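Shown next, in structure tokens, is the structure this report addresses.
Source: prediction; values computed, not measured. Indexing begins at 1, ligand by ligand and atom by atom, following the structure's order.
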Amino acid sequence: MALFGGSQTREMREDGRPRLPPGQRLTDGWPVLHYGSIPSIDLATWELKIFGLVEHELTLSWDQFMALPQQSDRSDMHCVTTWSRYDNDWVGVPFVDLQALVQLKPEAKHVIFHSYGGYTTNVPLAELQDRENMLVHTHNGQPLTPEHGGPLRGLVPQLYLWKSAKWIRGIEFVAEDRPGFWEMYGYHMHGDPWTEERYG
Ligand SMILES: Nc1nc2c(c(=O)[nH]1)N[C@H]1C(S)=C(S)[C@@H](COP(=O)(O)O)O[C@H]1N2
Ligand SMILES: [Mo]
């Protein structure tokens with residue numbers, strides 16, 4: 001369990017890395033960070049498209065997404081601007097379960113997340129195979145607010161938070177890595193907080 005104070009920075013993860021990545025500070029608030037304005041999204045017309053190097057492209061309505069088996073998971077988040085927030089309780093659908101619905105072509109090696117409003121971010125497919133990588137709609141028991149990416153955002157907790165796309169509307173599978181929005185402005189293509197992959 002998270003306790004605030006100096007001893008917490010010495011907590012270890014299962015892989016022996018410290019729980020708090022280097023250069024990070026804990027916050028118990030939750031800063032709001034994004035480029036541009038919050039898109040207005042109507043659940044009646046909301047869609048999630050899963051496309052690219054897949055055998056069966058898929059478009060899900062909100063009701064179809066919510067009818068998928070849901071998972072609860074607790075994870076930490078780490079923002080490249082140096083704040084980290086521990087013990088976030090999320091509910092949503094694991095990325096791998098969506099991946100299984102579309103059947104990947106063997107050439108698929110990277111994922112581009114697409115957001116309402118035009119934001120994109122790239123993540124290696126291999127990075128998303130743990131079930132802690134999810135598309136989430138609920139945080140600490142409350143529906144995700146629009147400022148934090150509601151109705152649905154990506155969650156890639158082992159990478160810096162810019163890889164967790166707010167207002168997600170698409171998952172694209174590609175063969176070659178391709179920079180997303182912040183990656184084009186110099187953020188790292190991978191973004192591992194424990195090795196401080198902040199800028200490329
Ligand atoms: N669609 C979208 N998603 C986004 C961003 C954005 O500008 N647009 N910013 C990213 C960045 S840089 C961060 S730090 C986190 C912030 O999430 P939060 O506002 O919920 O803390 O969202 C990420 N996801
Ligand atoms: Mo960020």
> Where on F181 is there a heavy atom closer than 4.0 Å to ligand 1, on the side chain, on the backbone, on both, or on neither?
Replying inline: neither

> Can you tell me if CD on E176 sees more than 12 non-hydrogen neighbours from other groups inside 6.0 Å?
Replying inline: no

> Can E127 and H190 be counted as having a side-chain donor-acceptor contact under 3.5 angstrom?
Replying inline: yes

> Given the side-chain rings of F181 and Y35, with only the six-membered ring counted for Trp, is the space between their centroids under 6.0 Å?
Replying inline: yes

>> Less than 3.5 Å apart, any donor N or O on the side chain of K166 or H34 sitting next to an acceptor on the other?
In response: yes

>> For T120 and H114, which I'm curious about, is there any donor-acceptor pair between the side chains at under 3.5 Å?
In response: no

> In ligand 1, which numbered atoms sit nearer than 4.0 Å to a non-hydrogen atom of S115?
Replying inline: 1 (N)

> Which protein heavy atom lies closest to atom 9 (N) of ligand 1, and at what distance to 0.1 Å?
Replying inline: L33 O, 3.6 Å

> Please state which protein non-hydrogen atom is closest to atom 14 (S) of ligand 1 and give its distance, to 0.1 Å?
Replying inline: C79 SG, 3.3 Å

>> For the aromatic rings, using the six-membered ring if either is Trp, is the centroid distance between W30 and H139 under 6.0 Å?
In response: yes

>> Under 4.0 Å, heavy-atom basis, I'd like to know which part of M77 is in contact with ligand 1: side chain, backbone, both or neither.
In response: neither

> Looking at P31, which atoms of ligand 1 are within less than 4.0 Å of one of its heavy atoms?
Replying inline: 18 (P), 19 (O), 21 (O)

> Which atoms of ligand 1 sit under 4.0 Å from any heavy atom of W83?
Replying inline: 21 (O)

> What protein heavy atom sits nearest atom 11 (C) of ligand 1, and how far off is it?
Replying inline: W162 CA, 3.6 Å

>> Once you restrict to heavy atoms under 4.0 Å, what part of W167 touches ligand 1? Side chain, backbone, both or neither.
In response: side chain

> Starting from atom 1 (N) of ligand 1, which protein heavy atom do you reach first, and at what distance in Å?
Replying inline: K166 O, 3.0 Å

> Does R19 come within less than 4.0 Å of E14, counting only side-chain N to carboxylate O?
Replying inline: no

> Should the proximity of Y160 to ligand 1, defined as any heavy atom under 4.0 Å, be assigned to the side chain, the backbone, both, or neither?
Replying inline: neither

